[in-house]
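Bear in mind the structure is a predicted one, so any value in this text is a computation, not a measurement. The first residue in the sequence is number 1, and the count goes up from there.
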Amino acid sequence: MKDQDVSAGTSLQRGFAIIRALATTNGDGAKLTHIAAATGLAQPTAHRILRALTGEGVVEQDERSKAYRLSVEFFALAARAGHRGNLRDICRPILLRLSAALGDTMFLLVRSGYDAMCLDRSEGPFPIRSFTGDIGGRVALGVGQGALVILAFLPEAEREEIIRFNLPRLLDLGLYDEVYLRTEIKRSLELGYAASHGVGLLPGMAGIAVPVLDRQGRAVAALSVATLAERLNADRLPTVVQILKKEAASVGAQINPFDPVLRRPAQILGGLPIEAPK
């Protein structure tokens, strides 16, 4: 009986070693030889375990390339097990607490393709205008402090693709050019936040946004405060920034990587497919 227990434990360890190896392929999958080399298993052993995992539906094999990859069923299982609350549920009490403590309007923005979308907001006592408007409102990444800070803290290659796509949209709307956008991105990366103060597209309005980073350091959302320009003076700004950064770090540590809101969204605007500029 003890020998059987050891054998079962060894098989389980080997199975998880293969799952971890497949998880590093970014969805592209890997062939048997690569999996065996990555796990240190003999090819017959790796093949036997892959067949078992395929039989359970957590691994699938591409018929043409013969590469193995984690299945949709695996991610669905992980999502059910890891669902400790989605991003909006996590952030809702934070938004309420901050809007009460600061006396200003708070926003939670998330990335949606080439846009940022307002996932939630909590009203302060002062009338403000914002780029995204109400919950569900969208704005191109780079427009407004929340959308700007998300863009700034994306991986460089991804950020460059978005800049290439969004610049014609910004120019068509009569907003700003590439030099200004890149200058603001650089400033946001240096400061760790994005800020606007009473000038530009929303005169009289001011705001600060900090990125919410997942465990890989990728910006998936932003916490943003919007207020009247006179309420965000040089004395108050560092305090607000410190508070927002502390809360964003707390949110990042609680992010469920299988939250549907944070999965790679379709590249859409207003629900309609769009094509990148030629």
Trainee: Looking at Arg236, I want to see if its CZ is surrounded by more than 12 non-hydrogen atoms of other residues, nucleotides or ligands under 6.0 Å.
Mentor: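 For Arg236, atom CZ is crowded (more than 12 foreign heavy atoms under 6.0 Å).
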
Trainee: Do the side chains of Ile243 and Lys246 get nearer than 4.5 Å, heavy atoms only?
Mentor: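 Answer no - side chains too far apart.
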
Trainee: So Ile255 and Val212, do their side chains get closer than 4.5 Å, heavy atoms only?
Mentor: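 Val212 reaches Ile255 side chain to side chain.
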
Trainee: Might you work through the side chain to side chain donor-acceptor pair (under 3.5 Å) test for Arg169 and Asn166, ending with a clear yes or no?
Mentor: CA-CA 5 Å; Arg169 299 171 62 198; Asn166 276 353; 2.7 Å; yes

Trainee: Using atom types as modelled and distance alone, determine if a side-chain donor or acceptor of Thr39 lies under 3.5 Å from a backbone N or O of Ile35.
Mentor: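 Yes.
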
Trainee: Could you check if a side-chain atom of Val149 sits within less than 4.5 angstrom of a side-chain atom of Gln145, using non-hydrogen atoms only?
Mentor: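 A side-chain contact under 4.5 Å is absent here.
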
Trainee: Looking at every non-hydrogen atom in both residues, tell me the closest pair between Gly192 and Phe153 and how far apart they are.
Mentor: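 So the minimum-distance heavy-atom pair works out to CA-CZ, 3.9 Å.
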
Trainee: Testing the 3.5 Å rule here: is there a donor-acceptor pair between the side chains of Arg138 and Ser112?
Mentor: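 A donor-acceptor contact under 3.5 Å links the two side chains.
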
Trainee: Take atom CD of Glu56 as the centre, draw a 6.0 Å sphere, and report whether it contains more than 12 heavy atoms from other residues, nucleotides or ligands.
Mentor: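 Not buried by this count: 12 neighbours or fewer within 6.0 Å.
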
Trainee: Would one find more than 12 heavy atoms of other residues, nucleotides or ligands at under 6.0 Å from atom CD of Gln43?
Mentor: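 Count over threshold, so yes.
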
Trainee: Under 3.5 Å, which donor-acceptor pairs do the side chains of residues 91-101 form with other protein atoms, sequence neighbours left out?
Mentor:
from, atom 1, to, atom 2, distance (Å)
Arg92, NH1, Asp120, OD1, 3.0
Arg92, NH1, Asp120, OD2, 3.2
Arg92, NH1, Arg121, O, 3.0
Arg97, NH2, Glu247, OE1, 2.9
Arg97, NH2, Glu247, OE2, 2.7
Ser99, OG, Leu95, O, 3.1
Ser99, OG, Leu96, O, 3.1
Ser99, OG, Ser122, OG, 2.8

Trainee: Could you grab the distance from atom CG of Leu50 to atom CD of Gln61, nearest 0.5 Å is fine?
Mentor: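 If I round to the nearest 0.5 Å, the distance is 8.0 Å.
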
